[in-house]
Protein chains: 2
Amino acid sequence: MATLGDLERTVMDLLWATTESTTANELRDAIAEVPAPETGRELAVTTVLTVLSRLEKKGLVERERNIRPHRYRSVTSREDHTAELMHEVLVTAPDRDAVLARFIGSVSEAEAQTLRTLLGGS
Amino acid sequence: MATLGDLERTVMDLLWATTESTTANELRDAIAEVPAPETGRELAVTTVLTVLSRLEKKGLVERERNIRPHRYRSVTSREDHTAELMHEVLVTAPDRDAVLARFIGSVSEAEAQTLRTLLGGS
DNA sequence: CACACGGTTCTACTTGATGTAGAAGTCTCG
DNA sequence: CGAGACTTCTACATCAAGTAGAACCGTGTG
């Protein structure tokens, strides 16, 4: 499975936030703004580049190598990725029906309603 | 989140497989039988003990300390744990409805049917 | 055409999680 | 009380992830 670290997640969150592709430098700046200025520190671009390469290796990010400042974008939408993760978790269990029962019990009524609609009749 | 390593998962799988509590020695033997004899190697009991302690720290396992060969058991059922994980994943996304839509699209028809039943009418 | 400069890749170190287990400490029964 | 079973401490290896300097590359300008 693709488990992400803090910085990796931050980067993915930023990439997921736009449909546009981004450059490493733009990301470095964006990260500095994130609601966790902590040490108010700014990362080195190479750090961002390393993370992007790792995310690319994990298949979460793709880049345009033909143009110079390479441009990065997420391969899947955040929703797709999250749904995929959920499914991966589900299939680890032998008794999926039992898992689903408990899962349903944990979602809000609003979400349950959404599910009813999605599942349609029959 | 509680991400498990290979050995930790093996141990949890064994604990989840029985309602009974188990001892470290029993687990060591059981692990040796697992469908991945690999090197056919047998772990040291201390190794199992270490893993159990870590799982206890993670809140996945509890033990009876009063009796001598401490007896270990899983705190939650495998189904509860899996459903919990799924929920944790779900709530990381801002747009949960969108995630649910994609998730529903990824489950089998049989599972969809199970969900319909679980969600009942209305 | 050479080079300066922005950008990318390589290499490397640090930390934390996990696998693995010996050494040492602690019960318990006989 | 002592031996043996059991547990805890300590320790090391490996791997993922954060972090970044050093080295390498490509392109536009003089």
Side-chain angles (χ1 to χ4, degrees), chain A residues 1-15 21-32 34 36-74 81 85 88 92, chain B residues 1-15 21-32 34 36-73 85 88 92:
Chain A
M1 197 197 307
T3 178
L4 303 181
D6 291 332
L7 182 52
E8 291 179 327
R9 171 153 297 282
T10 300
V11 170
M12 285 313 296
D13 280 346
L14 288 169
L15 290 179
S21 59
T22 320
T23 67
N25 269 300
E26 288 168 357
L27 278 171
R28 180 191 27 54
D29 296 342
I31 292 171
V34 161
E38 298 293 317
T39 48
R41 180 180 45 84
E42 189 141 327
L43 295 176
V45 197
T46 51
T47 299
V48 179
L49 265 300
T50 300
V51 169
L52 284 169
S53 291
R54 287 174 181 166
L55 288 171
E56 187 186 26
K57 193 174 307 174
K58 289 183 184 180
L60 292 178
V61 162
E62 69 186 354
R63 77 170 95 184
E64 297 175 60
R65 288 193 137 86
N66 41 314
I67 56 184
R68 238 335 142 134
H70 293 182
R71 301 195 71 79
Y72 304 78
R73 71 173 68 260
S74 59
H81 179 253
L85 271 190
E88 274 178 39
T92 63
Chain B
M1 199 196 306
T3 177
L4 302 181
D6 290 332
L7 182 52
E8 290 178 328
R9 172 153 297 281
T10 300
V11 170
M12 284 314 296
D13 281 346
L14 289 170
L15 290 180
S21 58
T22 322
T23 68
N25 269 302
E26 288 167 358
L27 277 170
R28 179 189 31 51
D29 296 341
I31 293 171
V34 160
E38 299 293 316
T39 49
R41 180 181 43 86
E42 188 141 328
L43 296 177
V45 198
T46 52
T47 299
V48 180
L49 265 300
T50 300
V51 169
L52 283 169
S53 291
R54 288 175 181 167
L55 288 171
E56 188 186 27
K57 192 174 309 176
K58 289 183 184 182
L60 293 178
V61 163
E62 68 185 355
R63 77 170 96 185
E64 297 175 59
R65 288 192 137 87
N66 42 314
I67 56 184
R68 232 348 149 117
H70 292 183
R71 301 195 71 81
Y72 303 80
R73 71 173 68 259
L85 270 190
E88 274 178 38
T92 62

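Lettering of chains follows the sequences in order, A, B, ..., and the numbering in each one begins at 1.
Within a heavy-atom distance below 4.0 Å of DNA chain D, the residues of residues 61-71 of chain B found are B/Arg63, B/Arg65, B/Arg68, B/Pro69, B/His70.
When the side-chain nitrogen and oxygen atoms of A/Asn25 are compared with OP1 and OP2 of C/dG7, one or more of them lie within a distance under 4.0 Å.
Applying the side chain to side chain contact (heavy atoms under 4.5 Å, CB included) rule to A/Glu8 yields the partners A/Leu4, A/Val51, A/Arg54, A/Leu55, A/Lys58; only residues at least two apart in sequence or on another chain are considered. For B/Thr22, there are no side-chain hydrogen bond (donor to acceptor under 3.5 Å, both in side chains) partners two or more places apart in sequence or in a different chain. With sequence neighbours excluded, the residues satisfying side chain to side chain contact (heavy atoms under 4.5 Å, CB included) with A/Glu62 are A/Arg73, A/Val75. Taking A/His81 as the reference, A/Trp16 meet the ring-ring contact (aromatic ring centres under 6.0 Å, His included) condition, with sequence neighbours excluded. A/Arg63 pairs by the side-chain hydrogen bond (donor to acceptor under 3.5 Å, both in side chains) definition with A/Ser53, A/Glu56, A/His70, A/Tyr72, not counting sequence neighbours. By the side-chain hydrogen bond (donor to acceptor under 3.5 Å, both in side chains) test, B/Thr10 is found to be paired with no residue, residues two or more places apart in sequence or in another chain being considered. Listed by chain and residue number, B/Thr23, B/Arg28, B/Val45 satisfy the side chain to side chain contact (heavy atoms under 4.5 Å, CB included) test with B/Asn25 (two or more places apart in sequence, or in another chain). Taking B/Thr47 as the reference, B/Leu7, B/Leu43, B/Ala44 meet the side chain to side chain contact (heavy atoms under 4.5 Å, CB included) condition, with sequence neighbours excluded.
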How would you summarise protein contacts on nucleotides 11-20 of chain C per nucleotide, using B for base, S for sugar-phosphate only and - for none, with heavy-atom distances below 4.0 Å?
-------BBB

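Between A/Arg65 and A/Arg71 the shortest side-chain heavy-atom distance does not fall below 4.5 Å.
Taking CG of B/Asp29 as the reference point, atom CD of B/Glu42 lies at 5.5 Å (rounded to 0.5 Å).
The footprint of chain B on DNA chain D, defined by a heavy-atom cutoff below 4.0 Å, extends from D/dC6 to D/dT8.
The CG atom of B/Leu49 sits 16 Å away from the P atom of C/dT26 (whole-angstrom rounding).
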